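Source: prediction; values computed, not measured.
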Amino acid sequence: NELKFWDISRSKPVLSLAGHQDAVLSVHHCPQLPHQVFSLSADGQVFSWDIRSGQGHLYPEVNTFKDVTSSAQCMDVLPDMTVAIGYKNGTVRVGSLDHKSPFVSFQHHSNVCRSVEFDPSGRWLLTSSFDQTVAIVDVKKHAVAAIWKQHR
């Protein structure tokens, strides 16, 4: 339920960030936001953390989606605060943490979505699933551009 930053040379934690109510399944750092880290827990809570102060900000609206009744599994975040979240039921949601754009749902996987990754421009989102598919989503058009099946 917390994140720990380690000094690898000394094998000791140097910072602990607590606030999640469930297991943390995904963390993300944008090089363009050098003092900020994002975390996602199984219950869908998304936090942004200031690693200088240790202060966290919860985005409560993210885990209140009525159309997603499955646990969150993975996420990616762009510097403009656009987030993609993959869920256990295969759903993928994309939207803005700062309310600049509404969240959009995609249902192109039939099993756990295990990976979501934006391209640097933010136009494309690559997703993968335990259903042995990999997909490319056109974020701007809100459409699945391609799906590869039986990916191993």
Side-chain angles (χ1 to χ4, degrees), residues 2-5 15 17 19-152:
E2 66 182 327
L3 284 73
K4 288 190 183 268
F5 289 81
L15 178 63
L17 304 173
H20 283 286
Q21 302 301 308
D22 207 339
V24 176
L25 298 179
S26 184
V27 295
H28 183 76
H29 174 258
C30 294
Q32 300 88 339
L33 303 170
H35 303 292
Q36 198 166 11
V37 173
F38 296 88
S39 58
L40 171 75
S41 59
D43 60 7
Q45 287 186 328
V46 174
F47 274 85
S48 65
W49 302 93
D50 182 324
I51 58 174
R52 296 168 296 189
S53 69
Q55 295 297 307
H57 174 76
L58 172 65
Y59 294 93
E61 64 281 359
V62 175
N63 67 338
T64 59
F65 299 135
K66 302 296 182 223
D67 61 334
V68 179
T69 58
S70 183
S71 65
Q73 298 293 301
C74 55
M75 79 169 168
D76 194 15
V77 183
L78 291 170
D80 71 356
M81 302 299 280
T82 299
V83 64
I85 301 172
Y87 293 85
K88 193 171 185 177
N89 68 357
T91 300
V92 175
R93 289 190 62 90
V94 179
S96 178
L97 291 174
D98 59 5
H99 307 289
K100 289 183 180 173
S101 64
F103 277 83
V104 177
S105 290
F106 299 93
Q107 290 283 10
H108 54 277
H109 292 301
S110 62
N111 203 331
V112 179
C113 179
R114 285 303 302 140
S115 179
V116 292
E117 184 78 29
F118 287 107
D119 81 302
S121 75
R123 167 84 189 261
W124 306 101
L125 177 70
L126 184 66
T127 68
S128 66
S129 170
F130 284 157
D131 65 6
Q132 298 181 354
T133 62
V134 174
I136 295 179
V137 174
D138 184 329
V139 175
K140 294 201 184 316
K141 292 184 178 179
H142 301 165
V144 177
I147 296 178
W148 292 274
K149 297 182 180 188
Q150 300 299 318
H151 183 74
R152 294 175 194 233

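Within the 4.5 Å cutoff, the side chain of Met81 has heavy atoms near those of the Phe38 side chain. Residues Lys88 and Val112 meet the side-chain proximity criterion, which asks for heavy atoms closer than 4.5 Å. At least one side-chain heavy atom of Leu125 sits less than 4.5 Å from a side-chain heavy atom of Val116. A heavy-atom distance below 4.5 Å is not found between the side chains of Gln36 and His28. Put simply, the side chain of Val92 reaches to within 4.5 Å of the side chain of His108, judged on heavy atoms. Taking the side chain as every heavy atom from C-beta outward, Ser110 and Ser129 never approach each other to under 4.5 Å. In this structure the side chain of Leu17 never reaches within 4.5 angstrom of the side chain of Val37, judged on heavy atoms. The closest side-chain heavy-atom distance from Asp119 to Leu126 is not below 4.5 Å.
The minimum heavy-atom distance between Ala143 and Phe106, with the atom names listed, is N-CE2, 3.7 Å. Minimum interatomic distance between Asp22 and Ala42 (heavy atoms only, all atoms of both residues): OD2-CB, 3.7 Å. Pairing each heavy atom of Asp138 with each of Lys141, the nearest pair is OD1-N, 3.1 Å. Of all heavy-atom pairs spanning His142 and Val139, the tightest one is CD2-O, 2.9 Å.
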*Check step by step if side chain to side chain contact (heavy atoms under 4.5 Å, CB included) holds for Thr91 and Gln107.*
CA-CA 5 Å; Thr91 300; Gln107 290 283 10; 2.9 Å; yes
_Derivation of the side chain to side chain contact (heavy atoms under 4.5 Å, CB included) call for Lys149 and Ile147_ = CA-CA 6 Å; Lys149 297 182 180 188; Ile147 296 178; 4.2 Å; yes
*Check the pair Glu2 / Val24 against side chain to side chain contact (heavy atoms under 4.5 Å, CB included), numbers first and verdict last.*
CA-CA 7 Å; Glu2 66 182 327; Val24 176; over 6 Å; no
*asked:* Under the criterion side chain to side chain contact (heavy atoms under 4.5 Å, CB included), I'd like the reasoning laid out for Ile85 against Val46: C-alpha separation, chi angles, the key distance, then a yes or no.
replied: CA-CA 10 Å; Ile85 301 172; Val46 174; 4.0 Å; yes
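Every residue two or more places apart in sequence or in another chain was checked for a salt bridge (charged side-chain N to carboxylate O under 4.0 Å, His left out) with Arg114, and none qualifies. Applying the salt bridge (charged side-chain N to carboxylate O under 4.0 Å, His left out) criterion to Asp98, with sequence neighbours excluded, gives Lys100.
Ring geometry for Trp49 versus Phe47: interplanar angle under 30°, hence parallel rather than tilted (30 to 60°).
From Leu40, atom CG reaches atom NE2 of His20 across 7.0 Å, with rounding to the nearest 0.5 Å.
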